[in-house]
Trainee: 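Structure below; questions to follow.
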Amino acid sequence: MKKNKELEAIKKEFTAYKEMYVPDGLTTEEQLKMYSTMVLIRKFEESVKPLWMANKVHGYYHPYITLEAIGVGIISHLRLADYIGSTHRGHGHVIAKGGDVNRMMAELFGKDEGYNRGRGGSMHIADMSVGMLGATGIVGAAVAPAVGSALRSWIKRTDDVTVVFFGDGGANAGSISESMNMAAAWKLPVVFVCENNQWAIATDIARVTGEHDLYKRGIGFGIPSYQVDGFNIYDMWETSKKAIERARAGEGPTFIEAKTLRLLGHHATDDNWYRDMTVVEKYWQIEPIKRMADFMLENDIITEEQLRKIEEEAIKKVEAAIEYADTQCSEPSLDSFYDFVYTDGEIIE
Amino acid sequence: MKKNKELEAIKKEFTAYKEMYVPDGLTTEEQLKMYSTMVLIRKFEESVKPLWMANKVHGYYHPYITLEAIGVGIISHLRLADYIGSTHRGHGHVIAKGGDVNRMMAELFGKDEGYNRGRGGSMHIADMSVGMLGATGIVGAAVAPAVGSALRSWIKRTDDVTVVFFGDGGANAGSISESMNMAAAWKLPVVFVCENNQWAIATDIARVTGEHDLYKRGIGFGIPSYQVDGFNIYDMWETSKKAIERARAGEGPTFIEAKTLRLLGHHATDDNWYRDMTVVEKYWQIEPIKRMADFMLENDIITEEQLRKIEEEAIKKVEAAIEYADTQCSEPSLDSFYDFVYTDGEIIE
Amino acid sequence: MAIITLRESITQAMREELARDENVFIMGCDVGLRGNPFGITKGLMKEFGERRVIDTPISEAAFTGLGVGAAIVGMRPLVEILYADFLTLAMDNIVNTAAKTSYMFGGQANVPIVIRAPFGVGGGVAAQHSQNNENWFVHVPGLKVITPSTPYDMKGMLKSAIRDNSPVICFEHKRNYSIKGEVPEGEYTIPLGKAAIRREGKDVTIVTYSYMTYVSEEAAKELEKEGISIEIIDLRSLLPLDYDTVMASIAKTNRVVVVTEAPLRGSIAGEIVGEIVTRGFDLLDAPPQRVGSKNTPIPYNENLERLCTPKKEDIIAAVRKTLE
Amino acid sequence: MAIITLRESITQAMREELARDENVFIMGCDVGLRGNPFGITKGLMKEFGERRVIDTPISEAAFTGLGVGAAIVGMRPLVEILYADFLTLAMDNIVNTAAKTSYMFGGQANVPIVIRAPFGVGGGVAAQHSQNNENWFVHVPGLKVITPSTPYDMKGMLKSAIRDNSPVICFEHKRNYSIKGEVPEGEYTIPLGKAAIRREGKDVTIVTYSYMTYVSEEAAKELEKEGISIEIIDLRSLLPLDYDTVMASIAKTNRVVVVTEAPLRGSIAGEIVGEIVTRGFDLLDAPPQRVGSKNTPIPYNENLERLCTPKKEDIIAAVRKTLE
Ligand SMILES: Cc1ncc(C[n+]2csc(CCOP(=O)(O)OP(=O)(O)O)c2C)c(N)n1
Ligand SMILES: Cc1ncc(C[n+]2csc(CCOP(=O)(O)OP(=O)(O)O)c2C)c(N)n1
Ligand SMILES: [Mg+2]
Ligand SMILES: [Mg+2]
């Protein structure tokens, strides 16, 4: 009863809300795969906070929790050779693109076996081998470089596609506007995905923008633009499909505003003191994983048993990753201190 | 006959074209004043090129010729206490805001009596005493500071207004997008005027933007936005009126795309070799000064005699300015070399 | 005298100036509702209203530009850049507008802006949240650059900076925020451009600033045990820089070590040594030593991070070199 | 050997590299149709197509960012910033992405980008088109910085820069564009990081780069008449910087003058003097001298402008000081 009332309230205030249905062309297998990926992201992220509290992981850590449908929904259309650009909240993007949780965890532990050889940490997580171009600490700054990878595809006339993520906060970085304009001018094969969780740390989007429907910015630059329900993986998948096909066909960029709401704190220890959490609480009802699970159960796409197995497997993978990072990896050797500042082994002290 | 055919061609390809009429509230007196200001700008600008060729004036010089209706049309709504932000093409803005042609010419000559004490030249022309905040050599960079003057008005809750100009090229600077967003978010009293002459030096707008109707960018940021016929001072005046009133009432920013076409070279010696001038030639027929004069004659707003007098006066003023700058002003003293690097007479060598 | 943290001294300075002059205002990411990540502006929005303490979008380039423009028309903006690393985004209006306006427009306008930027290495926050880039700004005529390291200095100098009619960049080391010190109750200001002698000594002069002042203190204490007497000069202001105090000290000690946390190459340490040899080559009994961070980006791994920046031991070693 | 201008040597280098490696491309404002304001890229768009020589919108921040990203995925972009003053707009992706990518991502990617930027004072184009800001980049670990001053060097070093896997900023002095020199017909490259001795001498070493190499030559000729023999080192590359050559020369002359056109304060001249005294204090018979521009923005008025930058006379005066 309370739940139904809450849902009605959500539908009223969350204008991007869309009912779930299985879009044309989306197989059951693909659904299960996406679901598993979402669960793996969730389990990974849930494991990090305790590690952070236990001082195993340090620095800034921003979880991708409840954003899973966005990254997974669009990245599931990508090939290995395609690229993604990320934000400061990059773990989910790594996993969705097919990255390795062991190496990611090792990096969070600052170990030499980590993706970044312990140099980067959470905020700079990257797996170039799967085309995940790296998280960034400068909000908004990774967009132009990612569009640069689309520029490569355009120059080379290849058909790979780049997807680039940024938040509602990051969207206000001018270089993103500049990048959108160039992508539109030259019809670059890129999809802009704005993860609009309506908050940038403690700043409500309403206080720092005049137009809260961010997809309209895309239109201003001549880019076909859509708003999707960011809690709804089916909606995300369907709109992304069009966008990726368009890009792959050389027809140019698309802008997708994936509207959502930040349900957790901004980072590991943020307790949301600055906002009214009573408004937020009810959205857990439509958080993307439970929502997809419920929908799949209702529509006989999945069984309870399968759901449990997926969860167990995810937990196992994450536990193994922690075990790996904690006990099987080593500190970067201090002798390697100058490595990678320059390339090809060149050392300039 | 040829002229009529040309005009028809313009109407077809120049979609912003609007027929002239006298908008409500525009007095004859005001029309004559605007016309005189446009002529003064034109005569001033026409005088600079020969001076540049004769090495009296150096550096970069970008004439405001055929853009006069834009600056004059909107600035005629402003008070002395209002502000304008400028571009690299600032002479017209100075004159329209009530600046002094003598001091401006002196500055172009690099003299100590010039607005900038010989330190700035054409590209940095400014008259802060009339609220002309200065031309800039970094295309697009003067917009954010000008919006800062609107921020002052908003903080202080005064009713003065800032108008800020930028070109179609400058519009692609990210800080302008950022500024538009802030102006929209906080309802700052600012009017964004995009002087869209369709070229940025040798770059046609069509080659570097996806959406050529630049006013749509304003919409994307939640700003009421209009496209006006930049050759038509009546159109510019009427749209500007709404915009200025809105800003003065504290209702927020407006974006005006003043569409025009660059009929001259980019700067003093640019001969347009990189573009097809046969397309351009015909637009001289709707250049703003002759167009206004013809309209006023047809509608008995002005007489031939008055027109001639206005022109003569403008020429006289400009000749006097040249005379002043050339013979009555002095080189900055070398002793003053460190002046103004810091303020209040402080010298840090 | 109250004992407060450096963090609090900044809050006090800003609160008092906001109250004193209605042209003063604060803008930056999360400076309002959140009160800045370090709590420095906490409460100020409530106290002075949303138009005096302004939460901005993530638009460093333009909001700094807005600040510069507001300053041109008479305001006294305090613009906060969350981390000095992000100054890169705002470089254009800092360098090409703020620094040049007074000169380029022949004195028609001033730009009395203060840009506050937390800087420096520490806490394993990696390459993009750890930078020391103060020498970029020392290289820009028209700017002033300050780096107060004690609560007392911070309060007094920040107030001076706010009242100064030239643009000032105030670098605040994140590791200094929790440092405590005495701050008098009433109004006071400290002029920009005067160094402070933190420790008097007679054998070797250490010229340093910001967090490295404290690391130098540690080194000096250690050396004292061996009977080596160190004079520590905390520059406090890098532009203008108080060479009178520096040279007076060198005239006494004839030995100098310049310590910065910035990566050594291209840092202000070279600049200072260059000036010292110009002004007093003959005073020197030993080659001036420079100590700075290694020339790498800052790593996430804390063991690697520790390797980057100067430690007490590095400073001691440099001092010993001057005594060889 | 053909005699060509430095401007043409750049065109040749770029044309040859565009032809040699299909990953090389050029982007910037007006580099295509117009062939850049100085005519340097003229004809290249026609020759290589609109996707290899790309006219950009006035979006320095993002188009540099696009270049950086394209480099990360294997391209070799040549990004042109019309005037070094505008590097301010592109600072973020140069400093926080290009310079840090290889390190921050643990060697997963390189950024083989070359950023070309005309710099320096001349022609009365005032404060925003005249800057010398090369030391900002020398202060950024992960970047390389080159300043070739002859057509021969420019061609060979630019080609090396394009083939280098680290990001390189190439500063081209506007006043050097018309300088002529011999350039061999065939393919050649010059390694980055090696200085050139422009003039051998035995009394005083001048360490300099770019346009100031020529001004130093004038000074040396004048001094030669008095029997003072000057050795001129053209650094060619500021990062890495060839201290071996510098110190070898000082070991011979025991006297050094460092000349830069940058405003002296915070410039690389201090850095170089700092290194010289570290590496060879005992070699010095006189205090090293630094000559640089005055610490002001650059004025429009050409008499004032002339006052800013080092002239032959200033260099001569500095040399004399080392001989006092
Ligand atoms: C250029 C820049 N400005 C400010 C910050 C500080 N900061 C880190 S995350 C963040 C909020 C980002 O919000 P958004 O882009 O919406 O992403 P979200 O965290 O909501 O996923 C801010 C302001 C930063 N890292 N970089
Ligand atoms: C940041 C920057 N990039 C490039 C230039 C070189 N430049 C000077 S004027 C100009 C064209 C400006 O075009 P637009 O803004 O449309 O103004 P218009 O000249 O057409 O009036 C360019 C590219 C510059 N001055 N600043
Ligand atoms: Mg957000
Ligand atoms: Mg234009």
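What you are looking at is a predicted structure, and each value in this text was computed from that prediction instead of being measured. Every heavy atom of this structure was used, including side-chain atoms; hydrogens, water molecules and symmetry mates were not. Quick note on labels: first sequence line is chain A, next is B, and so on, each numbered from 1.
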Trainee: Which residues in residues 100-109 of chain D have a heavy atom less than 4.5 Å from any heavy atom of chain A?
Mentor: Ser102(D), Tyr103(D), Met104(D), Phe105(D), Gly106(D), Gly107(D), Gln108(D), Ala109(D)

Trainee: Show your reasoning for whether side-chain contact (heavy atoms from CB on, under 4.5 Å) applies to Leu66(D) and Trp186(A).
Mentor: CA-CA 13 Å; Leu66(D) 260 68; Trp186(A) 304 327; 4.2 Å; yes

Trainee: Can you name the residues of residues 24-37 of chain D that have some heavy atom under 4.5 Å away from a heavy atom in chain A?
Mentor: Phe25(D), Met27(D)

Trainee: Please rank Arg117(A), Arg119(A), Glu346(A) by heavy-atom pairs under 4.5 Å with chain D and give me the top one.
Mentor: Arg119(A)

Trainee: Shortest non-hydrogen contact from Tyr342(A) to Gly142(D)?
Mentor: OH-N, 3.0 Å

Trainee: In terms of heavy-atom proximity below 4.5 Å to chain D, should Ile348(A) be classed as side chain, backbone, both, or neither?
Mentor: side chain

Trainee: Name the region of Glu107(A), side chain, backbone, both or neither, that has any atom closer than 4.5 Å to a heavy atom of chain D.
Mentor: neither

Trainee: Asp92(D) and Ala141(A): which non-hydrogen atoms are nearest, and at how many Å?
Mentor: OD2-CB, 3.3 Å

Trainee: Could you tell me which of Glu178(A), Arg157(A), Arg152(A) has the largest number of non-hydrogen atom pairs under 4.5 Å with chain D?
Mentor: Glu178(A)

Trainee: Chain A: which of Pro240(D), Ala71(D), Ala61(D), Gly67(D) shares the most heavy-atom pairs with it under 4.5 Å?
Mentor: Ala61(D)

Trainee: Under 4.5 Å from any heavy atom of chain D, what part of Asp112(A) do you find: side chain, backbone, both or neither?
Mentor: neither

Trainee: Return the NZ to CG distance between Lys156(A) and Asn23(D), rounded to the nearest 0.5 Å.
Mentor: 3.5 Å

Trainee: Side chain from CB out, backbone as N, CA, C, O: work out which of these in Leu151(A) comes under 4.5 Å of a heavy atom of chain D, or both, or neither.
Mentor: side chain

Trainee: May I ask you to name which of Glu60(D), Glu50(D), Arg52(D), Glu22(D) has the most heavy-atom pairs under 4.5 Å with chain A?
Mentor: Glu22(D)

Trainee: Does the side chain of Asn96(D) reach to within under 4.5 Å of the side chain of Thr136(A), using non-hydrogen atoms?
Mentor: no

Trainee: Which atoms of Thr64(D) are under 4.5 Å from chain A, going by heavy atoms: the side chain, the backbone, both sets, or neither?
Mentor: neither

Trainee: Go through the atoms of Tyr338(A) and report whether side chain, backbone, both or neither lie under 4.5 Å from a heavy atom of chain D.
Mentor: neither

Trainee: I'd like to know which of Leu188(A), Asn181(A), Ile138(A) tops the heavy-atom pair count under 4.5 Å against chain D.
Mentor: Ile138(A)

Trainee: Pick one of side chain, backbone, both or neither for Ala142(A), based on which atoms fall under 4.5 Å of a heavy atom in chain D.
Mentor: neither

Trainee: Do you know which two heavy atoms are closest between Ile54(D) and Trp154(A), and how far apart they sit?
Mentor: CD1-CZ3, 3.8 Å

Trainee: Can you tell me how far apart CD1 (Ile72(D)) and OG (Ser149(A)) are? Round to the nearest 0.5 Å.
Mentor: 9.0 Å

Trainee: Among Ala62(D), Gly49(D), Ala70(D), who wins on heavy-atom pairs under 4.5 Å with chain A?
Mentor: Ala62(D)

Trainee: If you take all heavy atoms of Met182(A) and Ser59(D), which pair is closest and at what distance?
Mentor: CE-CB, 4.0 Å

Trainee: Who among Asn93(D), Ile58(D), Val68(D), Leu89(D) has the most heavy-atom pairs with chain A under 4.5 Å?
Mentor: Asn93(D)

